[in-house]
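Structure first, commentary second.
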Amino acid sequence: MVNMKQVFNGSKKSQSGLSLIELMVAMTLGLILLGGIIQIFLSSKQSYNSVMSSSQVLDNGRLALYFINGATSKAGYWGADGTIDRTYLSDSGLVADAYTGLFPDNQWVFGENNDSTDANVLDGTDELWLRFNGDDDVPMVTCTGDDVSGSQIAVEHYFVRVLTGTETIPSLVCESTLLNFDPLSGIVTVPGTPVTNSTVVISGIENMQLQFGILDVLGGDNARFYTANNISTADWELVNNISISILAASDDEVAPQDRTTGYKMLDITTTAPNDRRARRVFNQSTVLRNPNI
């Protein structure tokens, strides 16, 4: 005969749940496991952001040097008859004296050192101006995409622009202006209404420093490098080399701690940054086309 009391008691025991202690232990172990998973996720995300920011800095710095190097390769180019003297008209009544007075005869390059006077230029950064003649047979284009004919002179201006709009880090910018050139007389004149176009070459560029190389007056192939403010007007036409230093920065802050020192860039050391963005200095020296030497 079946003992119903034993059946009931056995069924009750088989349906019993976890004790409070067992439940708390299980929850604790689950939280520890979840915390580990979250830590791994955060660490992986941090590593990913760090790699992407480093890649961005690398791309920005290399592209900036690539564009400037391409621009310097055009400086001093003359597509017209090489037997004609090329000069800028010195008439003080011209509209754009900044362009006619910027370059004396036989000068292809000009710079400003640590400019603090132009509201569009980031204080403490250098500026670079270049000029070249166009060509009717060989395509010549400015940094802003304008075609340059054999009867035109292009003036390009490279600088680090102050923050505008929603920007969080500065950009390397190029402005270009086309001037009229008479191949017969060799005289450059300014159009009645000069048009200057502007374009962002590459974003994420915080600083640009320049030094200009002049061949040793005593002879030889060695060049002595000077900042723009230490070059006399007469010596600009002797510049045959430019050293360029670019400081690139990332959009995101990924550095594990604050940097307490600045970055060495040619003749200066920048102030220590006040954020944790990834940064890197890129240096390059490029030879100019200079028929005067």
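These numbers come from the heavy atoms of this one structure, side chains and all, not from hydrogens, waters or symmetry mates.
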Less than 4.5 Å apart, any side-chain heavy atom of [X] and any of [Y]?
X      : Y      : answer
Phe282 : Val57  : yes
Asn241 : Phe225 : yes
Val148 : Phe132 : yes
Ser245 : Val281 : yes

Please lay out, stage by stage, how Glu167 and Arg161 fare under the test salt bridge (charged side-chain N to carboxylate O under 4.0 Å, His left out). CA-CA 11 Å; Glu167 289 181 338; Arg161 188 180 64 186; 2.8 Å; yes
Shared hydrophobic cluster, [X] / [Y] (ILVMFWY, side-chain heavy atoms < 4.5 Å):
X      : Y      : result
Ile242 : Leu238 : yes
Leu58  : Met265 : no
Val239 : Leu210 : yes
Leu172 : Ile169 : no
Ile268 : Ile246 : no

Test item: [X] side-chain N/O and [Y] main-chain N/O as donor-acceptor pair under 3.5 Å:
X      : Y      : value
Thr270 : Tyr263 : yes
Glu156 : Cys143 : yes
Ser250 : Asp252 : yes
Asn60  : Ser203 : yes
Lys74  : Thr142 : no
Arg62  : Leu65  : no

Tell me the closest heavy-atom pair linking [X] and [Y], and the distance in Å.
X      : Y      : answer
Leu122 : Pro170 : CD2-CG, 3.9 Å
Asp146 : Ser176 : OD2-OG, 3.9 Å
Ser198 : Val173 : OG-CG1, 3.4 Å
Pro273 : Thr261 : CD-O, 3.8 Å
Glu127 : Val121 : OE1-CG2, 3.6 Å
Leu128 : Met208 : N-CE, 4.4 Å

Among Trp236, Trp108, Phe110, find the residue that satisfies the ring-ring contact (aromatic ring centres under 6.0 Å, His included) test when tested with Phe212. Trp236
Does CZ belonging to Arg276 count more than 12 external heavy atoms closer than 6.0 Å? yes
Going through the checks in order, is the side chain to side chain contact (heavy atoms under 4.5 Å, CB included) test met by Tyr77 and Asp135? CA-CA 9 Å; Tyr77 176 82; Asp135 200 312; 2.5 Å; yes
In Å and rounded to the nearest 0.5 Å, what is the [atom1] to [atom2] distance from [X] to [Y]?
X      : Y      : atom1 : atom2 : value
Asp126 : Leu266 : CG    : CG    : 8.0 Å
Ser149 : Asn180 : OG    : CG    : 8.5 Å
Thr227 : Gln211 : OG1   : CD    : 6.5 Å
Ile68  : Cys174 : CD1   : SG    : 9.5 Å
Asn69  : Gln284 : CG    : CD    : 4.5 Å
Asn230 : Arg224 : CG    : CZ    : 13.5 Å

Would you kindly say whether Gln209 and Asn114 are connected by a side-chain donor-acceptor distance under 3.5 Å? yes
Under a 3.5 Å threshold, yes or no: a donor from one side chain and an acceptor from the other, between Thr144 and Thr199? no
Before you tell me yes or no, could you show the steps for Glu206 and Val160 under side chain to side chain contact (heavy atoms under 4.5 Å, CB included), namely the whole-Å CA-CA distance, both residues' side-chain angles and the distance that decides it to 0.1 Å? CA-CA 7 Å; Glu206 285 191 330; Val160 178; 6.0 Å; no
Applying side chain to side chain donor-acceptor pair (under 3.5 Å), run through Asn207 and Thr125 and close with a yes or a no. CA-CA 6 Å; Asn207 204 325; Thr125 62; 5.2 Å; no
Could you go through the side chain to side chain contact (heavy atoms under 4.5 Å, CB included) check for Phe159 and Glu175 one step at a time? CA-CA 9 Å; Phe159 61 95; Glu175 293 179 344; 3.7 Å; yes
Classify the ring geometry between His157 and Trp129 as parallel (under 30°), tilted (30 to 60°) or perpendicular (over 60°). parallel
